[in-house]
There are 2 protein chains.
Amino acid sequence: MTQVKENSTRNYNKGISINNCPVTYVMNKIGGHWKPIIIHQLMSGPKRYSELRKAIPEITEKMLIQHLKQLQTDDLVNREARPVVPPVVTYSLSPLGTDLTPVLNAMVEWAFRAQQC
Amino acid sequence: MTQVKENSTRNYNKGISINNCPVTYVMNKIGGHWKPIIIHQLMSGPKRYSELRKAIPEITEKMLIQHLKQLQTDDLVNREARPVVPPVVTYSLSPLGTDLTPVLNAMVEWAFRAQQC
DNA sequence: ACAAGTACTTACCCTAAAGTATGTATCATG
DNA sequence: CATGATACATACTTTAGGGTAAGTACTTGT
């Protein structure tokens, strides 16, 4: 029975609220290797699961659905499943997810300015 | 002798350039648990090492200097050491680091909009 | 009857990032 | 002569995130 350390920063940061640090809050939502890439793909319009896989060839299926699920629970993407066979599942950005555009744009702008120095 | 898998996505993402994915490029610079918090602290002006420690009580010294070093090599913060005893070391945002302000502001704005929904 | 396509699921492994704990150099001061 | 203050360094451990590989359910086409 291995003890879980409740008061570690690791655990603390998980439940961090917007009031503690808004930037950390955002990082928890869109941080990591894959989430920004997935969001970026969906910014060019809704896509089926298989289309996302083709658009991001390096991602594994596990990572793809795992992050898509997380993005759903965070209300950044919507999932629409048509009950046909073979299944047709379409993912799209929610209004909240669409609102991320200025954030990602600011990042891209900074990235190019950083490159020039 | 354990083989290192050269062609893993893990390794691939490390050397990712701005041309592949600007957002991932930015994430590599300011992502993680602590970097945004440190940058945010320095946005209110230069601070000594000990001041940063007091301002971010949860961070360990190891994490603090480790990320300060990384931020230096990425040219986001400057380090100024006065050769006195006891030492006086002051950290401040570089011009490039200061340029991150719109990015962090966009994040904060989005965070508060997200909270209302 | 079996391969193919779709959208997942699950079990197991590996590593990088984060955390813990302790040590170092220098000098002023009591 | 030992303590305190500052700004680190370093060895070891833990954990969360990511990766690999294989399996599932359902139906259409051959």
Side-chain angles (χ1 to χ4, degrees), chain A residues 1-16 24 27-38 46-72 77 79-91, chain B residues 1-16 24 27-38 46-72 77 79-91:
Chain A
M1 187 154 147
T2 41
Q3 269 287 90
V4 178
K5 296 177 187 169
E6 285 296 338
N7 52 347
S8 74
T9 310
R10 204 77 142 259
N11 290 337
Y12 173 77
N13 273 346
K14 277 307 171 52
I16 203 162
T24 302
M27 288 295 181
N28 285 338
K29 301 267 175 189
I30 66 167
H33 282 302
W34 296 116
K35 279 194 210 153
I37 297 173
I38 295 171
K47 284 203 173 52
R48 292 182 61 178
Y49 175 82
S50 53
E51 290 179 302
L52 284 171
R53 251 180 33 217
K54 275 168 212 154
I56 316 170
E58 317 87 35
I59 203 173
T60 62
E61 298 198 74
K62 183 196 163 195
M63 286 293 105
L64 185 51
I65 38 127
Q66 184 174 305
H67 286 117
L68 282 171
K69 273 188 182 172
Q70 188 60 56
L71 290 168
Q72 282 173 73
V77 315
R79 190 189 105 113
E80 190 212 358
R82 301 234 316 276
V84 293
V85 159
V88 174
V89 179
T90 308
Y91 292 92
Chain B
M1 188 156 145
T2 41
Q3 271 285 92
V4 177
K5 297 177 185 171
E6 286 296 337
N7 52 347
S8 74
T9 311
R10 201 75 142 263
N11 290 336
Y12 174 75
N13 273 345
K14 277 306 172 53
I16 204 161
T24 302
M27 288 294 182
N28 285 339
K29 300 267 176 191
I30 66 167
H33 281 303
W34 298 114
K35 280 194 210 153
I37 296 174
I38 295 171
K47 285 202 173 52
R48 292 182 61 179
Y49 175 81
S50 53
E51 290 180 302
L52 284 170
R53 251 178 34 215
K54 275 167 213 156
I56 316 170
E58 317 86 35
I59 201 172
T60 63
E61 298 198 74
K62 184 195 165 196
M63 285 293 105
L64 184 53
I65 38 129
Q66 184 175 304
H67 285 117
L68 282 171
K69 273 187 182 173
Q70 188 61 56
L71 291 168
Q72 281 173 75
V77 315
R79 190 189 105 114
E80 189 210 0
R82 302 233 314 277
V84 294
V85 158
V88 174
V89 180
T90 308
Y91 292 92

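All values below come from the heavy atoms of this structure, side chains included, with hydrogens, waters and symmetry mates left out. Quantities reported herein were computed from a predicted structural model and do not represent experimental measurements. Proteins come first, then strands; the chains are lettered A, B, ... in the order of their sequence lines, and each starts at number 1.
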Separation of D/dA16 P from A/M63 CE (nearest whole Å): 15 Å

Atom pair distance, as rounded to whole Å: CD in B/Q66 and C1' in C/dT20: 14 Å

Qualifying residues under side-chain contact (heavy atoms from CB on, under 4.5 Å), relative to A/R53, sequence neighbours excluded: A/Y49, A/E61, A/L64

Sugar-phosphate, base or nothing in reach of B/V88, heavy atoms under 4.0 Å: sugar-phosphate

Rounded distance (Å) that lies between atom P of D/dT6 and atom NZ of B/K47: 16 Å

Euclidean distance, A/I56 CD1 relative to A/K54 NZ, rounded to 0.5 Å: 13.0 Å

Student check: side-chain heavy atoms of A/M27 and B/M27 closer than 4.5 Å: yes

Gap between atom CG of B/L68 and atom CE of B/M63 - 0.5 Å precision: 11.5 Å

Gap between atom CD of A/E51 and atom OG1 of A/T90 - 0.5 Å precision: 7.5 Å

Between C1' of D/dA7 and CG of B/L52, the distance in whole Å: 12 Å

Name the pairs: protein N/O against N/O of nucleotides 28-30 of chain C, kept only if under 3.5 Å.
none

A/E80 CD to C/dA7 C1', straight-line distance once rounded to whole Å: 15 Å

Between C/dA7 (C1') and A/L64 (CG): distance, integer Å: 10 Å

Distances under 3.5 Å only, N/O to N/O: pair up the protein atoms with those of nucleotides 8-11 of chain C.
residue : atom : partner : partner atom : Å
C/dC8   : OP1  : A/R79   : NH1          : 2.3
C/dC8   : OP2  : A/R79   : NH1          : 3.3
C/dC8   : OP2  : A/Y91   : OH           : 2.8
C/dC8   : N4   : A/E61   : OE1          : 3.3
C/dC8   : N4   : A/E61   : OE2          : 3.0
C/dT9   : OP2  : A/K69   : NZ           : 2.7

Side-chain donor/acceptor of B/K35 to backbone N/O of B/H67, under 3.5 Å: no

Below 4.0 Å: OP1/OP2 of D/dG18 and any side-chain N or O of A/H67: yes

N or O in side chain of B/R48 less than 4.0 angstrom from D/dA7 OP1/OP2: yes

Between D/dG17 (P) and B/M27 (CE): distance, integer Å: 14 Å

Interatomic distance, A/R79 atom CZ to A/L71 atom CG [nearest 0.5 angstrom]: 13.5 Å

B/S50 side-chain N/O to D/dA5 phosphate OP1/OP2 under 4.0 Å: no

Interatomic distance, B/T60 atom OG1 to B/W34 atom CH2 [nearest 0.5 angstrom]: 7.5 Å

Rounded distance (Å) that lies between atom P of D/dG18 and atom CD1 of A/I59: 9 Å

A/I38 side chain near A/Y91 side chain, heavy-atom distance below 4.5 Å: no

